[in-house]
Amino acid sequence: MLIGNWKMNLNETQSLALAEKLRTKFKKWKGPAIAVAPSFLYLKQVKEILAKTPVVLAGQDVAPTEKGSATGEISGRMLYEIGCRYAIVGHSERRIMLGETNEMILRKINLCYNNGLVPIVCVGETEEQKLAGQTASVLVEQLQSALAKVNGLPENDLIIAYEPVWAVNTEQYLDPAELCSIRLLVKRTIVNIFSESFYNEKVRFIYGGSVSSINAKDYWAADCSDGLLVGAASLDADEFYFIASAGLS
Ligand code: PGA
């Protein structure tokens, strides 16, 4: 699958123009599943524009509480009702800029499941942690604290987005071949928490971090992931379509 995370990059006119271009490009799309995560403010309009395409919507985040007094938050239910089927949870920008904790991320995952959303759980090490050889321990810790206390065995899918922090929005990216060992680590950790059959049936492992038309083909060809999460390069319809098409064999 391919997910475009528009972050806080586009105003209303730009968001709607991008959605219009995606509508034309993906109208008859038959490849991997495609989702985009516009600003919350434009979800409704983008949804209407993309209605007759296979492109679905994701929230860029979800509130850590179900409803009520949570100023400025957007609940899982609100996201579902407006048409989202996925929500990004624990993005490194939120962990770093807003101090989002593993405990909050766990609550968000549970609330995704309570509201019919598939969580896209972002994990990844910083450059410092990578240089200190801590990648594996950081990933295991992030996955365990996010997933070990999930209420029951999720009925809905689970997407794990491996996004090394040093690769997000930096033009540095992971060697596609290195993804296979990370996928194995993620699989082992999740199998320990849930089960092998849960992993095989419900989990998808995707990569994010400076994916663009320069490296997309290599990521698809390496076949070490089930898809890609794209930030900057998803803001250009041609580029995003190129990345999607590079996955067609
Ligand atoms: P990037 O962002 O593709 O601009 O590095 C990826 C992400 O943050 O999901």
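Atoms within each ligand, like the ligands themselves, are counted from 1 in listed order. Heavy atoms only: backbone and side chains are in, while hydrogens, waters and symmetry mates are out.
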Inset, instruction - Indicate yes or no for a side-chain donor-acceptor contact from Y162 to the backbone of V186 under 3.5 Å, with no hydrogens or angles considered. - result: no
Inset, instruction - Using non-hydrogen atoms of the residue, decide whether G209 is closer than 4.0 angstrom to ligand 1. - result: yes
Legend entry - Electrostatic pair K25-D238, nearest N-O below 4.0 angstrom: yes
Inset, instruction - Inspect the contact between R23 and E20 and indicate whether a charged nitrogen and a carboxylate oxygen are less than 4.0 angstrom apart. - result: yes
Legend entry - Sub-4.0 Å atoms of ligand 1 with respect to non-hydrogen atoms of S210: 1 (P), 3 (O), 5 (O)
Inset, instruction - Measure from the side-chain N and O atoms of W220 to the backbone N and O of I243, and report whether any donor-acceptor pair falls under 3.5 Å. - result: yes
Inset, instruction - Pick whichever of K7, Q172, E163, E171 has a heavy atom sitting closest to atom 2 (O) of ligand 1. - result: K7
Inset, instruction - In plain terms, say whether E155 and K202 are close enough for a salt bridge, that is, a side-chain N and a carboxylate O under 4.0 Å apart. - result: no
Legend entry - A232 N/O under 3.5 Å from ligand 1 N/O: yes
Legend entry - Element-labelled atoms of ligand 1 that are located less than 4.0 Å from some non-hydrogen atom of L229: 9 (O)
Inset, instruction - Taking only heavy atoms of N169 into account, list the atoms of ligand 1 that are under 4.0 Å away from them. - result: 1 (P), 4 (O), 5 (O)
Legend entry - A233 N/O under 3.5 Å from ligand 1 N/O: no
Inset, instruction - Would you mind running through ligand 1 and noting each atom that sits below 4.0 Å from a heavy atom of V168? - result: 2 (O), 5 (O), 8 (O)
Inset, instruction - For atom 3 (O) of ligand 1, find the nearest protein heavy atom and state the residue, atom name and distance (0.1 Å precision). - result: G231 N, 2.8 Å
Inset, instruction - Give a yes/no on ligand 1: does A167 have at least one heavy atom closer than 4.0 angstrom to it? - result: yes
Inset, instruction - Determine whether more than 12 heavy atoms belonging to other residues, nucleotides or ligands lie under 6.0 Å from atom CD1 of I214. - result: no
Legend entry - Atom CZ of R77 with >12 non-hydrogen neighbours under 6.0 angstrom: no
Inset, instruction - For N110 and N151, indicate whether the former's side chain and the latter's backbone hold a donor-acceptor pair under 3.5 Å. - result: yes
Inset, instruction - State if G208 counts as touching ligand 1 under the rule of any non-hydrogen atom under 4.0 Å. - result: no
